[in-house]
Amino acid sequence: MKSITKQAYQLMHEGILALAEIERNGICIDIEYCEKAKKELHKKIEAERTKLYEFEEVKQWKRRFGVTFNLESSHQLAKVLYEDMGCKPSKMTENENPSVDQFALESIDHPMIRSLLRIRQLEKTKSTYLGNIVRETVNRKLHPFFNLHTVKTFRSSSQDPNFQNIPVRDPEIKEIVRRAFIPRPGHRIGGSDYKGIEVRVACLYHQDPSMLKYLNDPASDMHRDVSMDCYMIEDTELVTKNIRYCGKNKFTFPEFYGDYYKNCAKALWDAISQMGLKLTDGTPLKEHLRDKGIKSYQRFERHIEDVEYRFWNEKFPVYKQWKEDWYRAYEKKGYFDTLTGFRCSGVMEKNDVVNYPVQGVAFHCLLWSLIQLQRWMKQEKLRSKIIGQVHDEITKDLHNDEFMYVLRNERKIMCEDIKEHWIWLKIVPLDIAVSFAGVDRPWNEAEEEK
DNA sequence: GGAACTCGCCAC
DNA sequence: AAACGTGGCGAGTTCC
């Protein structure tokens with residue numbers, strides 16, 4: 001059960017109207033490119049299949065399953081790997097079956113597995129992404145749907161196609177898929193996202209002084225400091241971008257969401273060899289850790305246990321206390337209210353109770369900004385259009401003549417005006433990152449604007 | 001022939 | 001004591 005205040009209702013009402021207009025705007029698609037890219041992927045997949053069929057293990061797989069033989073069947077693959085080939089499953093699925101996902105397969109160092117993973121990746125690119133884009137494109141425009149009524153946390157969702165999971169992390173796949181999205185003639189395509197909005201919103205609830213200090217002091221850097229603790233680095237100069245990335249995505253965020261040291265230690269440790277982590281002076285990280293007395297994984301795990309202890313009890317004790325108090329209050333009342341006036345009730349786990357109010361409100365900051373920007377752009381009768389939204393980002397198709405005009409007002413709305421609307425935002429600074437491709441250039445070329 | 005389920009994988 | 005939050009969607013599979 002959920003319920004909302006009048007101001008929350010207002011936000012959803014205005015929000016869904018703005019999103020409807022954004023759906024109607026649509027996104028230009030380079031349909032000829034899509035067809036060509038699909039054909040190329042098809043060829044690549046066929047070539048990879050041919051390679052795969054050469055393996056003795058696959059021939060045996062074929063013999064075992066006969067006409068039902070299917071490379072895409074996880075069930076068959078599990079039987080082949082864990083019954084015929086005698087591999088040990090490194091993890092189980094939710095329903096306690098031996099897993100054959102990427103993580104599980106990585107521990108089996110075998111060329112057949114690499115080939116299989118490659119096929120999976122290319123198939124997904126071809127069908128889930130390019131295929132759906134082509135299917136849903138009408139008159140060279142794509143109109144993804146955005147919902148406000150489907151998500152437990154009061155975030156949004158998107159469908160047909162899902163605009164909120166377009167590949168960006170893997171450079172090769174990003175290029176292939178984002179190349180399909182192009183601007184209107186004379187326009188530039190790109191977007192602006194709130195920097196670290198969930199961390200900032202969490203601060204609004206717990207008001208931990210150490211974390212507020214991190215946010216308010218531009219010279220400090222929480223993710224860098226945590227990564228230094230994790231990998232026992234004493235000099236800030238020795239921290240690379242990748243090391244900071246690991247601290248942020250394999251320790252800090254998982255800990256915020258409710259994970260614990262064992263999982264984090266494993267992820268941090270595996271990343272060292274997977275990403276080939278080195279200090280800025282070239283010292284391999286494993287070597288550096290050995291010098292610091294970390295001679296085995298067990299030692300590293302114990303070290304991360306200490307890091308976790310210090311993280312919650314020395315660095316951010318107020319945050320930790322808030323989690324306890326917030327959960328207690330929920331246990332007592334059976335519900336909690338978000339800063340934006342939404343009420344969440346029903347049976348929830350502790351992690352849910354402390355995460356939902358943050359995730360929801362972070363999105364509501366984006367939604368409020370989206371409403372104001374859409375309203376203003378319509379009023380000004382601009383050729384520029386908002387074309388989508390991804391939780392903390394507004395995606396736009398801006399006419400080159402209106403480019404600076406729109407970006408200036410957008411920054412004002414997202415970072416300043418919103419603090420007048422929701423005064424509780426005043427205790428944290430807000431900032432955005434802006435990233436666009438050039439005039440008439442596709443989305444894959446988007447780069448951060450300085 | 002479709003609904004419901006499992007699994008895997010993309011995003012924030 | 002236990003241990004990562006939110007979605008959408010494709011393919012395979014099972015059930016009716």
Side-chain angles (χ1 to χ4, degrees), chain A residues 65 68-79 91-105 116-117 119-133 135-136 144-170 173-174 176-178 191 193-199 201-202 248-267 305 308 312 323 344 348-363 365-366 388-395:
Chain A
F65 289 94
T68 61
F69 165 79
N70 192 331
L71 276 183
E72 273 77 44
S73 166
S74 306
H75 187 69
Q76 288 184 16
L77 177 60
K79 287 197 181 296
K91 68 176 257 206
M92 293 297 184
T93 65
E94 188 124 329
N95 297 318
E96 292 305 310
N97 296 313
S99 172
V100 290
D101 70 6
Q102 237 171 42
F103 183 88
L105 296 189
L116 211 59
L117 284 173
I119 290 173
R120 273 190 197 170
Q121 181 188 44
L122 296 176
E123 279 287 359
K124 187 175 175 88
T125 308
K126 179 171 164 247
S127 58
T128 305
Y129 293 107
L130 293 178
N132 280 354
I133 291 169
R135 193 192 70 225
E136 296 293 336
F145 293 88
F146 294 96
N147 314 302
L148 290 183
H149 65 287
T150 62
V151 182
K152 288 193 282 189
T153 62
F154 295 104
R155 251 196 189 181
S156 65
S157 67
S158 168
Q159 61 185 129
D160 302 318
N162 183 353
F163 185 71
Q164 295 176 323
N165 70 346
I166 312 288
V168 68
R169 227 193 76 252
D170 184 303
I173 306 304
K174 167 194 163 174
I176 296 173
V177 180
R178 296 205 171 212
D193 66 282
Y194 272 120
K195 279 189 187 168
I197 188 68
E198 285 201 9
V199 172
V201 167
K248 174 179 167 186
N249 293 297
K250 298 176 193 298
F251 184 85
T252 306
F253 282 160
E255 287 281 345
F256 282 169
Y257 287 138
D259 206 355
Y260 80 130
Y261 71 93
K262 281 200 181 193
N263 290 336
C264 297
K266 177 89 172 67
E305 190 178 358
E308 181 186 63
W312 288 113
K323 285 190 178 195
C344 299
M348 285 176 271
E349 300 291 331
K350 185 177 179 186
N351 282 345
D352 299 335
V353 173
V354 297
N355 284 327
Y356 290 5
V358 176
Q359 194 183 94
V361 170
F363 169 67
C365 292
L366 189 281
Q389 159 269 130
V390 193
H391 309 305
D392 66 355
E393 185 214 306
I394 300 176
T395 315

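First the proteins, then the strands, lettered A, B, ... as listed; each starts at 1. Excluded from the calculations below are hydrogen atoms, water molecules and symmetry mates; all remaining heavy atoms, backbone and side chain alike, are included.
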Indicate whether OP1 or OP2 belonging to C:dA3 is found under 4.0 Å from a side-chain N or O atom of A:Asn351. no
Ignoring backbone atoms, establish whether A:Arg135 has a side-chain N or O less than 4.0 Å from OP1 or OP2 of C:dG10. yes
When rounded to whole Å, the NZ to P distance for the pair A:Lys126 and B:dC10 reads 17 Å
Any side-chain to backbone donor/acceptor pair from A:Asp101 onto A:Phe103? Under 3.5 Å, distance only. yes
Polar pair under 3.5 Å, donor/acceptor by atom type, side chain A:Gln359, base C:dG5: yes
Under 4.0 Å, heavy atoms only, any strand: does A:Ser156 hit a base, just the sugar-phosphate, or nothing? nothing
Verify the contact: side-chain N or O of A:Thr93 to OP1 or OP2 of B:dC7, cut-off strictly under 4.0 Å; return yes or no. yes
Closest to side chain of A:Asn162, choosing from C:dG8, C:dC4, C:dT6: C:dG8
C:dA11, C:dT6, C:dC9: which one has an atom nearest the side-chain heavy atoms of A:Ser127? C:dA11
How long is the line joining CG of A:Leu130 and P of B:dC10, in whole Å? 14 Å
Could you check which of C:dG12, C:dG5, C:dG8 has an atom nearest any side-chain atom of A:Tyr356? C:dG5
Tell me if a side-chain donor or acceptor on A:Glu308 pairs with a main-chain N or O of A:Tyr261 at a distance below 3.5 Å. yes
Of the listed nucleotides (B:dC9, B:dC12, C:dG12), which one gets closest to any side-chain atom of A:Arg120? B:dC9
Consider the side chain of A:Val100, meaning its heavy atoms from C-beta on, and name the nucleotide among C:dG10, B:dG8, C:dG5 that approaches it most closely. B:dG8
Side-chain donor or acceptor of A:Lys124 under 3.5 Å from a matching atom on the base of B:dC9? yes
Separation of A:Phe256 atom CZ from C:dT6 atom C1', in whole Å? 18 Å
With salt bridge (Lys or Arg N to Asp or Glu O under 4.0 Å) as the test, would you mind laying out the steps for A:Lys323 and A:Glu255 before giving the verdict? CA-CA 12 Å; A:Lys323 285 190 178 195; A:Glu255 287 281 345; over 6 Å; no
If only atom types and distance count, is the side chain of A:Arg135 paired as donor or acceptor with the main-chain N or O of A:Pro161 below 3.5 Å? no
So, is A:Ser73 close to the C:dT13 phosphate, meaning a side-chain N or O under 4.0 Å from OP1 or OP2? yes
Are A:Arg155 and A:Glu198 within salt-bridge range, i.e. N to O under 4.0 Å? yes
Once you apply a heavy-atom cut-off of 4.0 Å, does A:Pro254 come out as touching a base, just sugar-phosphate, or nothing? base
Ranking C:dC4, C:dG10, B:dC12 by distance to the side chain of A:Asp392, first place goes to B:dC12
Just to confirm, is there a sub-4.0 Å distance from OP1 or OP2 of B:dG8 to any side-chain nitrogen or oxygen of A:Gln121? no
Using a heavy-atom cut-off of 4.0 Å across all strands, would you classify A:Phe163 as base, sugar-phosphate, or nothing? nothing
Just how far, in rounded Å, is C1' of C:dA2 from CD of A:Glu308? 12 Å
Looking across every strand, which nucleic acid part, if any, lies under 4.0 Å from A:Gln76 by heavy atom: base, sugar-phosphate, or nothing? sugar-phosphate
Can you tell me how far apart CD1 (A:Ile176) and CG (A:Asp170) are? Round to the nearest 0.5 Å. 8.5 Å
Under 4.0 Å between a side-chain N/O of A:Asn355 and OP1 or OP2 of C:dC4, yes or no? no
Within the distance-only criterion (no hydrogens, no angle test), does the side chain of A:Thr125 pair as donor or acceptor with the backbone N or O of A:Gln121 below 3.5 angstrom? yes
The side chain of A:Asn95 lies closest to which of these nucleotides: C:dG10, C:dG5, B:dC7? B:dC7
Let's see if you can work this out: which of C:dT13, C:dG7, C:dA11 has an atom nearest to the side-chain heavy atoms of A:Val151? C:dG7
Out of C:dC4, C:dA11, B:dG8, whichever nucleotide has its closest atom nearest the side chain of A:Ser74: B:dG8
From C-beta outward on A:Asp160, which listed nucleotide comes closest to its side chain: C:dC9, B:dG8, C:dT6? C:dC9
Would you indicate what A:Val168 reaches in the nucleic acid, counting non-hydrogen atoms under 4.0 angstrom: base, sugar-phosphate, or nothing? sugar-phosphate
Distance below 4.0 Å between A:Arg169 side-chain N/O and B:dA11 OP1 or OP2: yes
To the nearest Å, give me how far apart CZ (A:Phe154) and P (B:dC12) are. 24 Å
Side-chain (A:Ser158) to main-chain (A:Phe163) donor-acceptor, under 3.5 angstrom: yes
What nucleic acid atoms does A:Glu393 come within less than 4.0 Å of, heavy atoms only: base, sugar-phosphate, or nothing? nothing
Which is more 5' along DNA chain C, the nucleotide nearest A:His391 or the one nearest A:Tyr260? Just name the residue. A:Tyr260
Figure out the NZ/P separation between A:Lys350 and C:dC4, and round it to whole Å. 13 Å
So, is A:Tyr261 close to the C:dA3 phosphate, meaning a side-chain N or O under 4.0 Å from OP1 or OP2? no
Round to the nearest Å and state the distance from A:Leu366 atom CG to C:dT6 atom C1'. 15 Å
For C:dG12 and A:Asn70 - does any side-chain N or O of the residue sit under 4.0 Å from the phosphate oxygens OP1/OP2? yes
Output the rounded distance in Å from CD1 (A:Ile166) to C1' (C:dC9). 12 Å
